[in-house]
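For ligands, and for the atoms within them, numbers begin at 1 and follow the listed sequence. Here the structure is a predicted model, which means the values were calculated and not measured.
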Amino acid sequence: MDLSFLEQELQTLQSHNLYRSLKEMASPQAKKIVLNGKQVLNFCSNNYLGLADDERIKRAAVTAINEDGFGSGASRLVCGTMSEHVKLEKKLAGFKRTEGALVFSSGYMANTGIISALVGREDVVFSDKLNHASIVDGIILSRAQLKRYAHNDMQALEGAFKTCGPCKKRLIVTDTVFSMDGDVAPLKDIVQLASRYGAMVMVDEAHAFGVLGEHGSGLIEQEGLGDQVDVQMGTLSKAAGCFGAYVCGPKVLCDYLINHSRSFIYTTAMPPACAAAASMAVDIIGQDKQRRRQVLANADYLRRGLKKSGFDTMNSTTPIVPILFKDSLKALEASKRLLEQGVFVQAIRPPTVPVNTARLRATVMATHTQEDLDLFLDCIKEL
Ligand SMILES: Cc1ncc(COP(=O)(O)O)c(C=O)c1O
């Protein structure tokens, strides 16, 4: 088989400044990391609370390895459900104040597995245009009809309901914090529309879990909408600093997913050490309000500084702070120049973001000091 199309495709990406490659990090995930042998200040992880290398989490994982070994050895339904999985699920249900919780091996797998289990050919999914790729892929996999509505536009969502033909089930799905824009979904309006038009609501709290809400459980908690959101999905890989994902909701939802969700059923269970680490992260998140306050205060400080220097931070209100350049090459060059000065911020380009909205996606951590933020602001001002 002639594979020259691979090279041609990559050259096309290069010529449009859309080629992507991996950067190797030779240090733990923290605010300072070692890239290409040089220590740089990290402004692009999702490790918002700085928990990825937290001693308590590392200890919980090591203890679990010593007690339970590393691999889980089987899928959850065969013989891979270990005490650490059950403990984490109980903890998550308590933390999110839901009847049940179910852990998936990753957020990508949770979204694809939940959506494709809940809806099918005779159903319609209403999905925000800026929802994460894993939601989009879940909808494709489900074969349901897709109605994409303009980002956070409730008139567009209502319009989509009005023009929607007959169907069996309706599902609205939205990120609560949008991963590339750092803005939040109008959740109150969404649940109202859902109740008016008889739709289920599913939210993805990947970037809100650990960051928003009085106890850090997410936007649903902040808005007091726990009993109005049917499917609460989130990840353990971002603010929690671990790996994996959860769905929280009624017990019947969890039982249904155990029986229908292919990405839950047909994969090896998460290693018990990951579950033990995540349990510890949930405890820390619940107890440590100060980290949450600090990361939000840091984000406000950075946004104010950027706006003062004339940058467009879009509608961000969370630790995700986009800096809009529009042009991919300009965003790439900005990222390169910042890295030369010891500040690591990735350029995000299409297809991850819509055409003509290339940006730097700066993310702030609770462990960044004012000095770190000022260094970032001084370097970017030079651009
Ligand atoms: C909104 C959102 N949902 C889901 C995911 C997937 O989660 P995971 O990295 O655990 O697969 C991500 C990020 O990767 C995300 O940003």
Which of the numbered atoms in ligand 1 are below 4.0 angstrom from a heavy atom of [X]?
X      : answer
Ser179 : 16 (O)
Ala206 : 1 (C), 2 (C), 3 (N), 15 (C)
Thr235 : 7 (O), 10 (O)
Asp175 : 1 (C)

For this session: Return the orientation label for the His368 and Phe43 ring planes: parallel under 30°, perpendicular over 60°, tilted otherwise.
Result: parallel
Seminar exercise, completed: Correct closest heavy-atom pair for Leu236 and Phe209 would be CD2-CE2, 4.1 Å
Identify, for [atom], the protein heavy atom at the shortest distance, and state residue, atom and that distance.
atom                    : answer
atom 15 (C) of ligand 1 : His132 CD2, 3.2 Å
atom 16 (O) of ligand 1 : His207 NE2, 2.6 Å
atom 6 (C) of ligand 1  : Tyr108 N, 3.5 Å

Over 12 non-hydrogen atoms of neighbours within 6.0 angstrom of [atom1] in [X]:
X      : atom1 : result
Lys38  : NZ    : yes
Arg121 : CZ    : no
Glu122 : CD    : no

Seminar exercise, completed: Nearest heavy atom to atom 7 (O) of ligand 1, choosing from Gly107, Cys242, Ser106, belongs to Gly107
Seminar exercise, completed: Looking only at non-hydrogen atoms, the one of Ile135, Asp204, Leu236 nearest atom 2 (C) of ligand 1 is Asp204
Exercise. Is the closest heavy atom of Lys238 to ligand 1 under 4.0 Å?
Worked result: yes
Exercise. Of all the heavy atoms in Ala245, does at least one lie under 4.0 Å from an atom in ligand 1?
Worked result: no
Exercise. Just one of Thr81, Val86, Leu92, Val247 clears the side chain to side chain contact (heavy atoms under 4.5 Å, CB included) bar with Val103, so which one?
Worked result: Leu92
Exercise. Would a 4.5 Å heavy-atom cut-off, applied to side chains only, mark Ile285 and Leu51 as touching?
Worked result: yes
Problem set entry | Test of ring centre spacing under 6.0 Å for Phe126 and Phe161 | yes
